[in-house]
Amino acid sequence: MDPKLVLASSSPRRRDLLARLGVVPDRIASPDIDENPRKGEVPRVYALRMAEEKAVAVVRHAGEIVVAGDTTVAVGRRILPQAADAEMQRGFLELLSGRRHHVLSAVAVIDAEGRLRSRICDTVVRFKRLGEDEIKHYVDCGEGLGKAGGYAIQGRAEALIDWMAGSHSGVIGLPLYETRALLRASGYPLD
Ligand SMILES: Cc1cn([C@H]2C[C@H](O)[C@@H](COP(=O)(O)OP(=O)(O)OP(=O)(O)O)O2)c(=O)[nH]c1=O
């Protein structure tokens, strides 16, 4: 019998990204972990640790495969968390304006035997120099709230991004190339 798949995520974007692999999770569980970075923890280590801790945090029944993800926006060593309000979002966009930053997107899969595998994808994104009016309009549209770094590349932010190198799906929340590879390596039947 094919293994059951659990998506350990409260993010609707991760569910939608799995659908682009033709995958519908059998169960969705919200991981409840401490997302505070450790002192001096570098972004890529943090993102991988978050994805792995989310996968481990949800209950895995016999025969189930668990998949989790974490998307971390980093400017140098500084991690930009999810924008909690408009003020925070404005500050992030002022910081991101006219410069490159990294989006570290990690995916972790626990197979039916309990083995954990994880991969990370590092995408470089550059916003154009943003005018006050562009920042105001983007903040006012509200799509960046609750998103790492205060923006959503799958939304209106993409029109403000003049260059990127890496994985578009990774910036949104689940790098599809790495996710497909890990699900196949973990025995999930995926073409
Ligand atoms: C940079 C970026 C982030 N995001 C979102 C993806 C994630 O939902 C969120 C990053 O926070 P995460 O902590 O990765 O994910 P989450 O808290 O939303 O969900 P869970 O931990 O339960 O899986 O930001 C976008 O939707 N578009 C983007 O361009």
Side-chain angles (χ1 to χ4, degrees), residues 5-20 23 25 27-38 41 43-60 66-75 78-85 88-89 91-93 95-97 99-110 118-128 130 138-139 141-176 178-179 182:
L5 183 68
V6 182
L7 171 58
S9 174
S10 59
S11 168
R13 286 148 312 258
R14 292 202 166 102
R15 187 199 56 227
D16 297 343
L17 285 163
L18 280 180
R20 286 178 49 196
V23 172
R27 184 160 66 86
I28 294 179
S30 292
D32 180 16
I33 64 166
D34 173 1
E35 299 206 20
N36 291 306
R38 289 176 178 149
E41 190 170 29
R44 68 180 293 121
V45 170
Y46 169 76
L48 263 178
R49 179 171 68 87
M50 288 292 98
E52 292 177 353
E53 287 192 11
K54 290 176 188 179
V56 170
V58 302
V59 173
R60 187 178 63 83
V66 177
V67 60
D70 187 80
T71 303
T72 294
V73 171
V75 178
R78 179 177 170 190
I79 292 171
L80 302 188
Q82 296 178 12
D85 56 39
M88 209 168 163
Q89 213 193 331
F92 288 170
L93 292 171
L95 183 66
L96 296 172
S97 169
R99 65 184 296 175
R100 295 181 182 191
H101 66 276
H102 289 253
V103 182
L104 289 315
S105 208
V107 53
V109 177
I110 299 176
S118 58
R119 294 273 296 268
I120 191 155
C121 172
D122 183 352
T123 299
V124 185
V125 175
R126 184 176 67 197
F127 273 92
K128 71 182 286 291
L130 299 170
Y138 188 69
V139 171
C141 87
E143 74 173 23
L145 283 178
K147 305 285 193 306
Y151 72 90
I153 197 170
Q154 70 272 30
R156 293 171 56 171
E158 188 147 21
L160 303 173
I161 289 168
D162 63 6
W163 180 88
M164 71 169 268
S167 165
H168 188 271
S169 55
V171 176
I172 297 173
L174 210 53
L176 292 183
E178 291 79 1
T179 302
L182 280 190

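For ligands, and for the atoms within them, numbers begin at 1 and follow the listed sequence.
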(request) Please report the closest heavy-atom contact between A157 and E143, naming both atoms and the distance. (result)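 Distance-wise, the nearest heavy atoms are N-OE2, 3.2 Å.
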(request) Output all residues satisfying salt bridge (Lys or Arg N to Asp or Glu O under 4.0 Å) with R126, sequence neighbours left out; order by chain, then residue number. (result)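 Expected list: D162.
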(request) Verify the distance criterion only: is there a donor paired with an acceptor across the side chains of T71 and R14 at less than 3.5 Å? (result)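 Present: a donor and an acceptor within the cut-off.
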(message) With no hydrogens and no angle check, just 3.5 Å: does a side-chain donor-acceptor pair link Q89 and Y151?
(response)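 No - no donor-acceptor pair under 3.5 Å links their side chains.
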(request) Kindly compute the distance separating CG (L174) from CZ (R15), expressed to the nearest 0.5 Å. (result)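 One gets 12.5 Å once the value is rounded to the nearest 0.5 Å.
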(request) Starting at CZ of R49, measure out to CD1 of I33 and round the result to the nearest 0.5 Å. (result)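 Going from the CZ atom of R49 to the CD1 atom of I33 covers 7.5 Å.
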Looking at [X], which atoms of ligand 1 are within less than 4.0 Å of one of its heavy atoms?
X    : value
T71  : 10 (C), 14 (O)
E35  : 13 (O), 21 (O)
I153 : 27 (N), 28 (C), 29 (O)
S11  : 8 (O), 18 (O), 19 (O)
D70  : 13 (O), 14 (O)
S10  : 19 (O), 20 (P), 22 (O), 23 (O)
Q154 : 25 (C), 26 (O), 27 (N), 28 (C), 29 (O)
S9   : 19 (O), 20 (P), 22 (O), 23 (O)

(request) Please find out if less than 6.0 Å separates the ring center of H101 from that of F92. (result)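 Aromatic pair excluded; centres sit 6.0 Å or further apart.
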(request) Between R15, R13, Q82, K54, flag the one that comes closest to atom 17 (O) of ligand 1 by a heavy atom. (result)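 Looking at heavy atoms only, the winner is Q82.
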(request) Nearest heavy atom to atom 14 (O) of ligand 1 wins, so pick from M50, K147, R14. (result)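 Among M50, K147, R14, the closest heavy atom to atom 14 (O) of ligand 1 comes from R14.
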(request) For the residue pair I153 and M164, establish whether any side-chain heavy-atom pair is separated by less than 4.5 Å. (result)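 They are in contact (side-chain heavy atoms under 4.5 Å apart), so the answer is yes.
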(message) Quick check on A152 - does any of its heavy atoms sit under 4.0 Å from an atom of ligand 1?
(response)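 A heavy atom of A152 does come that close to ligand 1.
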(request) May I ask whether V171 places a heavy atom under 4.0 Å from ligand 1? (result)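 Yes.
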(message) How about CZ on R13, more than 12 heavy atoms from neighbouring residues, nucleotides or ligands closer than 6.0 Å, or not?
(response)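 Atom CZ in R13 is crowded, with more than 12 foreign heavy atoms closer than 6.0 Å.
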(message) For atom 9 (C) of ligand 1, what's the nearest protein heavy-atom neighbour? Residue, atom name and distance, please.
(response)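 Answer for atom 9 (C) of ligand 1: A148 N, 3.9 Å.
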(message) Quick test: of every protein heavy atom, which one is nearest to atom 25 (C) of ligand 1, and how far off is it to 0.1 Å?
(response)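 I find the closest protein heavy atom is I172 O, 3.3 Å.
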